[in-house]
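Accompanying notes for the structure given below.
Every number for a ligand or one of its atoms is a count from 1 in the order of the listing.
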Amino acid sequence: MTVPLIEQARKALEAAHVPYSAYPVGAALETDSGDVFVGCNIENANYSNSLHAEEVALAEAVKTGQTTFSRLAVSSAPRDGVTPCGMCRQTLAEFASDDLEIMCDTGDSVNRYRLGELLPETISEETLREAGQRAEADE
Ligand code: THU
Ligand code: ZN
């Protein structure tokens, strides 16, 4: 039996290393082929090197060559419906389309979003390609 994605995010947060915030987060990222990669937040004493659950899950997937995604579930220990932060939205957008379904755990239910709704404007490979073409045309 397949474990619901939100349950996999809840399980993933158990490995979080959060001595500073005491705010464990888990993420479960499902690929188009149905595989699931999980991540948790891993904090650092210098604070800025802290890794977010979503970026850890994404790295786990990409390192295996899987780069197309259908759904992401996110859960924090208080199950407060946390959504991916701005940085994680942009990190996800490098691979995922606007359609990526994002499920955020409120305990009793999940809040559902699409990546394009949480990050309506994104800098992408296309943005840079178009800027390069404009620069070439101006030469
Ligand atoms: N955190 C995540 O893991 N994902 C997010 O997108 C939101 C924030 C983590 C970072 C830090 O370890 C803790 O939650 C408090 O911000
Ligand atoms: Zn984040």
Side-chain angles (χ1 to χ4, degrees):
M1 228 191 71
T2 55
V3 180
L5 205 60
I6 202 73
E7 290 292 344
Q8 297 190 61
R10 286 175 182 168
K11 178 80 186 152
L13 70 76
E14 291 173 15
H17 173 71
V18 289
Y20 310 106
S21 72
Y23 187 77
V25 181
L29 184 61
E30 186 181 66
T31 68
D32 282 350
S33 60
D35 292 332
V36 175
F37 294 88
V38 300
C40 59
N41 49 343
I42 304 171
E43 296 181 347
N44 188 277
N46 79 356
Y47 285 35
S48 61
N49 282 12
S50 297
L51 302 173
H52 291 197
E54 301 89 328
E55 61 180 332
V56 172
L58 184 78
E60 287 290 310
V62 173
K63 80 182 192 196
T64 74
Q66 297 224 46
T67 55
T68 56
F69 305 106
S70 54
R71 294 191 300 160
L72 170 74
V74 184
S75 181
S76 64
R79 297 188 181 173
D80 54 1
V82 68
T83 61
C85 76
M87 179 187 78
C88 287
R89 294 175 195 189
Q90 178 64 40
T91 299
L92 290 161
E94 180 68 18
F95 295 97
S97 76
D98 282 355
D99 293 340
L100 178 76
E101 186 177 4
I102 298 179
M103 301 155 65
C104 300
D105 191 9
T106 67
D108 296 338
S109 64
V110 295
N111 292 334
R112 286 170 199 275
Y113 308 91
R114 299 278 176 181
L115 180 58
E117 172 189 0
L118 295 182
L119 188 69
E121 296 293 339
T122 178
I123 186 161
S124 66
E125 196 183 338
E126 194 187 355
T127 315
L128 301 183
R129 199 179 325 112
E130 284 169 3
Q133 281 163 359
R134 273 201 300 279
E136 256 176 48
D138 290 347
E139 274 171 13

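Atoms of ligand 1 lying under 4.0 Å from any heavy atom of Glu43, numbered from 1 in the order shown and given with element: 11 (C), 12 (O), 13 (C). Each of the following atoms of ligand 1 lies closer than 4.0 Å to a heavy atom of Pro84: 6 (O). Less than 4.0 angstrom separates some heavy atom of Cys85 from each of these atoms of ligand 1: 5 (C), 6 (O). Near Ala53, meaning under 4.0 Å from any of its heavy atoms, are these atoms of ligand 1: 2 (C), 3 (O). Interface atoms of ligand 1 facing Ser21, defined by a heavy-atom separation under 4.0 Å, are 13 (C), 15 (C).
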Item to check | Residues Glu55, Thr91; criterion side-chain hydrogen bond (donor to acceptor under 3.5 Å, both in side chains); working and verdict | outcome: CA-CA 7 Å; Glu55 61 180 332; Thr91 299; 5.1 Å; no
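Atoms NE2 and CD1, on His52 and Ile42 in that order, are 11.0 Å from each other to the nearest 0.5 Å. In this structure, Ile102 CD1 and Arg112 CZ are separated by 12.0 Å, a value rounded to the nearest 0.5 Å.
Under 4.0 angstrom from ligand 1, the non-hydrogen atoms of Glu54 all belong to its side chain.
Residues Ser50 and Glu43 approach most closely at OG-CA, 3.3 Å, considering heavy atoms. In this structure, Cys40 and Val56 approach most closely via the heavy-atom pair O-CG2, 3.5 Å.
Centred on the Zn ion (ligand 2), the angle running from Cys85 (SG) to Cys88 (SG) is recorded as 120°, rounding to 10°.
Looking only at distances, a side-chain donor or acceptor of Gln90 sits under 3.5 Å from a matching main-chain atom of Ile123.
In this structure, atom 16 (O) of ligand 1 lies nearest to the protein heavy atom Tyr23 CD2, 4.7 Å. Protein heavy atom in closest approach to atom 9 (C) of ligand 1: Asn41 ND2, 3.4 Å.
A salt bridge between Arg129 and Glu126 is absent, with no side-chain N of the basic residue lying under 4.0 Å from a carboxylate O of the acidic one.
Within a 4.0 Å radius of atom 12 (O) of ligand 1, the protein contributes one or more non-hydrogen atoms.
If you check the side chains of Thr122 and Ser124, you find no donor sitting under 3.5 Å from an acceptor.
The Zn ion (ligand 2) sits nearest to atom ND1 when only the N, O or S atoms of His52 are considered.
Ligand 1 has no nitrogen or oxygen under 3.5 angstrom from a nitrogen or oxygen of Cys88.
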